[in-house]
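First up is the structure itself, then whatever we jot down about it.
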Amino acid sequence: MNGLEALRNLPSVDKMLKNEQIKELFTAYSPYFVREAIRESLSRLREKIKNQNLIEISEHQIIEEVKKTLRDYSKYSLRRVINATGVVIHTNLGRSILPKEAIDRVIEVATHYSNLEYDLEEGKRGKRYTHIVEAVKRLLNIESVLVVNNNAGAVFLCLNTLAKGKEVIVSRGELVEIGGSFRIPDVMTNSGAILREIGTTNKTHLYDYENAINENTALILKVHQSNFRIVGFTEEVSLQELVSLGRKRGIPVMVDLGSGCFVDLKKYGLFYEPTVQEVIGHGADLVTFSGDKLLGSAQAGFIIGKSSLIDRIAKNPLMRALRVDKMTLAALEATLRLYLDEQEAIRKIPTLRMLFEKPEEIKRRAIKIKIILKRNGISSEVMEDVSMPGGGSLPEIGVKTYVVALKPNATPQDFAKTLRMSEPPVIVRIKDDLILFDARTIQEEEIPLLVKSIKDSMKK
Ligand SMILES: *Cc1c(COP(=O)(O)O)cnc(C)c1O
């Protein structure tokens, strides 16, 4: 046989449809997709015959190609992965896993009509944000709340409303880049606010703020250094000092807090991170933070503080462009409720649970994975290591963890790729020639799937 014959010998779509093995596929896939998959597979094989000068394609090859095409059809683009990196708040992997309570609320609200913007008592139009106002007010002593699409949006909206064409004073030590090209100076410029940089990278004094205030000053902004620390010969002005300066001169003080932490991390053996309660307690007029970082809920940007400011922000036409949908509101309300009881929050909010988990508990899970791997003929070691739980959302402070370490036959980079391409995909850390699975971010119920993906990857 030659290539031309191989091409001629390829069966027709109709002939393939009569094949017994193809007919079996109808139980799992619709006739339309099976026919499409056959057509696409045959055309791909035709190209392959031509390009690689193949002289024969077996029926088995064709059927395998059709099956593969159907599997590809049914794969979603956005899907679950196993996070074995140890980074709890991993922006590229979706940041926070929602607590079950939040998922339940999302399903309830998404599968039914709701009182999203309907006042049940009055029987007329209500406000979308009332649902969140109540939930936040139960936790914090504040006047008002708004929620938008994310914290970047929250910062933008505040500046655009309160400081368009006016000056906003920020320390040079706080002109941060958060990642994904979100840079505070760029956001400020785009909002129409005029950036009034003061101080130096390492030192900013109260007199720098005092000297910068003029009749065109709209706001003093403090940006939390969420993903880095300046150490050594440093000085920054405390929020309390800024608040008293702002009060004296009649200028509101806004804090971009970034993470939105409601729990004192230090109390649980982690590093210091200012809490929302603390910042409000120090008298900030306006505070913004994310919904899906340390708060552990859906993507959102909170704006909390003084009614006089928030009422103005709520009237900004951009509010409509940045508004959140009902599923986000449902998830946020449920998550905020969990915070009423801090212990319950830590137990039920996955982000907090993973951050605070005791090393012995992480070790127990690592050992469990090792034992199941062993049962599947794969040898590994449990080792102590260091997790960077914050990703780009918290300073890079390592915390003790336990990992399952595996020495692959391939290069670690190649094996890591095979793991990423497996089903479900597994994202790992590499250390020297070892593949590390950090048990901190591996969920208990994911272990059988993790083992399956590792096993599949070893065969490749
Ligand atoms: C993360 C972060 C942002 C951006 O928040 P998103 O919710 O990701 O938009 C803004 N400011 C600070 C200080 C942050 O840490």
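Every number for a ligand or one of its atoms is a count from 1 in the order of the listing. Side chains included, hydrogens not; waters and symmetry mates left out as well; all remaining heavy atoms used. Bear in mind that the values here come from a model prediction, so they are computed numbers and not experimental data. In this chain, numbering begins with 1 at the start of the sequence shown.
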- Message: For the backbone of Lys293 and the side chain of Ser96, can you confirm whether one donor and one acceptor N or O come within less than 3.5 Å of each other?
- Response: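 Checked: pair present.
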- Message: Under a 3.5 Å distance rule, please check whether Gln225 uses its side chain to pair with a backbone N or O of Gly173 as donor and acceptor.
- Response: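 Yes: the side chain of Gln225 pairs with the backbone of Gly173.
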Should you measure from each heavy atom of [X], which atoms of ligand 1 turn up under 4.0 Å away?
X: Ala152; value: 4 (C), 5 (O), 6 (P), 9 (O)
X: Gly258; value: 12 (C), 13 (C), 14 (C), 15 (O)
X: Ser290; value: 5 (O), 6 (P), 7 (O)
X: His224; value: 13 (C)

- Item | ring pair (Phe, Tyr, Trp, His ring centres under 6.0 Å) partners for Tyr209, two or more places apart |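 So Tyr209 forms no ring pair (Phe, Tyr, Trp, His ring centres under 6.0 Å) with any residue.
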- Item | Partner residues of Phe356 under the ring pair (Phe, Tyr, Trp, His ring centres under 6.0 Å) criterion, sequence neighbours left out |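 For Phe356 the ring pair (Phe, Tyr, Trp, His ring centres under 6.0 Å) partners, ignoring immediate neighbours, are Tyr268.
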Does the residue [X] have a heavy-atom contact with ligand 1, meaning some pair of atoms that are separated by less than 4.0 Å?
X: Asp256; result: yes
X: Arg95; result: yes
X: Lys293; result: yes

- Task: Please work out which of the three classes, parallel, tilted or perpendicular, describes the rings of Phe289 and Phe262, given edges at 30° and 60°.
- Result: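 Judged by the thresholds at 30° and 60°, the geometry between Phe262 and Phe289 is perpendicular.
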- Within reach of ligand 1, part of Gln299 (heavy-atom separation under 4.0 Å):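 None of Gln299 does.
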- Rounded distance (nearest 0.5 Å) linking atom CG of Leu286 with atom OG of Ser308: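 That separation rounds to 9.0 Å.
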- Query: Looking at CG of Asn149 and CE of Met319, how far apart are the two atoms once the value is rounded to the nearest 0.5 Å?
  - Reply: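 Here the rounded value is 10.5 Å.
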- ligand 1 N/O within reach of Asn151 N/O, cut-off under 3.5 Å: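 Between Asn151 and ligand 1 (N or O atoms, distance only) the closest approach is under 3.5 Å.
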